[in-house]
Amino acid sequence: IAEGYNYNNAVRFEIEEQDQVSYARAADYINHCGASVVCVQHEYGIYGGPCGQMLIPFLRALKIPIVITLHTILQEPSVEQRRILEHIIHISSRVVTMAEVGRNMLTNIYNADYKKIALI
């Protein structure tokens, strides 16, 4: 929403969806705040750029392990959707999915390393 959300004091940083500088500032903040891991919730349509590509430079800039939870895994992604998700999977230390069928799709469609995938 245009005016933003009214978060409590536990939220230290908010990324503006279509502002690449905002993603860079967030990565810098995370790198210097003492965090030991970053957990990213991935869903199509919540990150900026075509197919959420603004997430990639943010993830690349992080200096700590990344655990990405994938809420939707497309069985028939576009070329761009596949390229971006493959890149995100490659950058991430662990990939979390919620079903065995998701793990199979990640290995068969997105070339993910089976050992990198965790089921919850």
*Rounded to the nearest 0.5 Å, what separation is found between the CG atom of Asn111 and the CD1 atom of Ile89?*
8.5 Å
*asked:* Quick check: do Tyr110 and Leu74 have side-chain heavy atoms less than 4.5 Å from each other?
replied: yes
*Reported CD1-to-CG distance for the pair Ile109 and Asn104, which is rounded to 0.5 angstrom*: 9.5 Å
*Apart from Met98 itself, which Ile, Leu, Val, Met, Phe, Trp or Tyr residues share its cluster (side-chain heavy atoms under 4.5 Å, direct or through members)?*
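Val37, Val67, Val96, Ile120, which link up through side-chain heavy atoms under 4.5 Å apart, make up the rest of the cluster.
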*What closest approach, in Å, do Ala112 and Ile117 show between heavy atoms, and which atom pair accounts for it?*
CB-CD1, 3.9 Å
*Side-chain donor/acceptor of Lys116 to backbone N/O of His90, under 3.5 Å*: yes
*Below 4.5 Å, heavy atoms only, C-beta onward: do Cys39 and Thr69 meet side chain to side chain?*
no
*Is the backbone of Ala118 close enough, under 3.5 Å, to the side chain of Arg103 for a donor and an acceptor to pair up by distance?*
no
_Min side-chain heavy-atom separation Met54-Gln18 under 4.5 Å_ = yes
*Do Arg12 and Cys33 come within less than 4.5 Å of each other through their side chains, counting heavy atoms only?*
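The answer is no, as the side chains (C-beta and beyond) never meet within the 4.5 Å cut-off.
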*side chain to side chain donor-acceptor pair (under 3.5 Å) contacts in which one or both residues fall within residues 26-39, not counting sequence neighbours*: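 Residue pairs with at least one partner in residues 26-39: Asp28-His32.
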*Ile46 to Glu17 - nearest heavy-atom pair and separation*: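 Residues Ile46 and Glu17, closest heavy atoms: O-CG, 3.8 Å.
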*Quick one: side chain to side chain donor-acceptor pair (under 3.5 Å) partners of Gln41, sequence neighbours excluded?*
His71
*Got a sec: does the CG of Asn6 have more than 12 other heavy atoms crowding it under 6.0 Å?*
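No, CG of Asn6 has 12 or fewer neighbouring heavy atoms, counting only those of other groups under 6.0 Å.
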*For Tyr7, what residues pass the ring-ring contact (aromatic ring centres under 6.0 Å, His included) criterion, not counting sequence neighbours?*
Tyr5
*Determine, for Arg83 against Glu86, whether the closest basic-nitrogen to carboxylate-oxygen distance falls under 4.0 angstrom.*
no
*Any side-chain heavy-atom pair of Ile88 and His42 under 4.5 Å*: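 Yes - at least one pair of side-chain heavy atoms lies under 4.5 Å apart.
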*Considering only heavy atoms from C-beta outward, does the side chain of Leu70 approach that of Leu85 to under 4.5 Å?*
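In contact.
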_Any side-chain heavy-atom pair of Leu119 and Glu100 under 4.5 Å_ = yes
_With a 3.5 Å distance limit and no angle check, can you tell me whether Ser78 reaches the backbone of Gln81 through a side-chain donor-acceptor pair?_
yes
*Start with the C-alpha gap between Ile15 and Phe58, add the side-chain angles, then the distance that decides, and say whether side-chain contact (heavy atoms from CB on, under 4.5 Å) holds.*
CA-CA 10 Å; Ile15 297 173; Phe58 166 75; 4.2 Å; yes
_Which residues share a side-chain contact (heavy atoms from CB on, under 4.5 Å) with Val21, sequence neighbours left out_ =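 Val21: side-chain contact (heavy atoms from CB on, under 4.5 Å) contacts with Asp19, Arg25.
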*side chain to side chain donor-acceptor pair (under 3.5 Å) contacts touching residues 44-60 (sequence neighbours left out)*: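 Non-adjacent pairs meeting side chain to side chain donor-acceptor pair (under 3.5 Å): Arg60-His87.
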*For Tyr23 and Gly48, work out which heavy atoms get closest and say how close.*
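Nearest pair, atom of Tyr23 first, then Gly48: OH-N, 2.8 Å.
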*Examine distances only and state if a side-chain atom of Ser93 and a backbone atom of Pro65 form a donor-acceptor pair shorter than 3.5 Å.*
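Not at all, since once roles are kept as given, no pair shorter than 3.5 Å links the two residues.
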*asked:* Taking the side chain as everything from C-beta on, heavy atoms only, tell me whether Ile73 gets closer than 4.5 Å to Val101.
replied: no
*Minimal non-hydrogen separation, Ile84 against Pro50, with atom names*: CD1-O, 3.4 Å
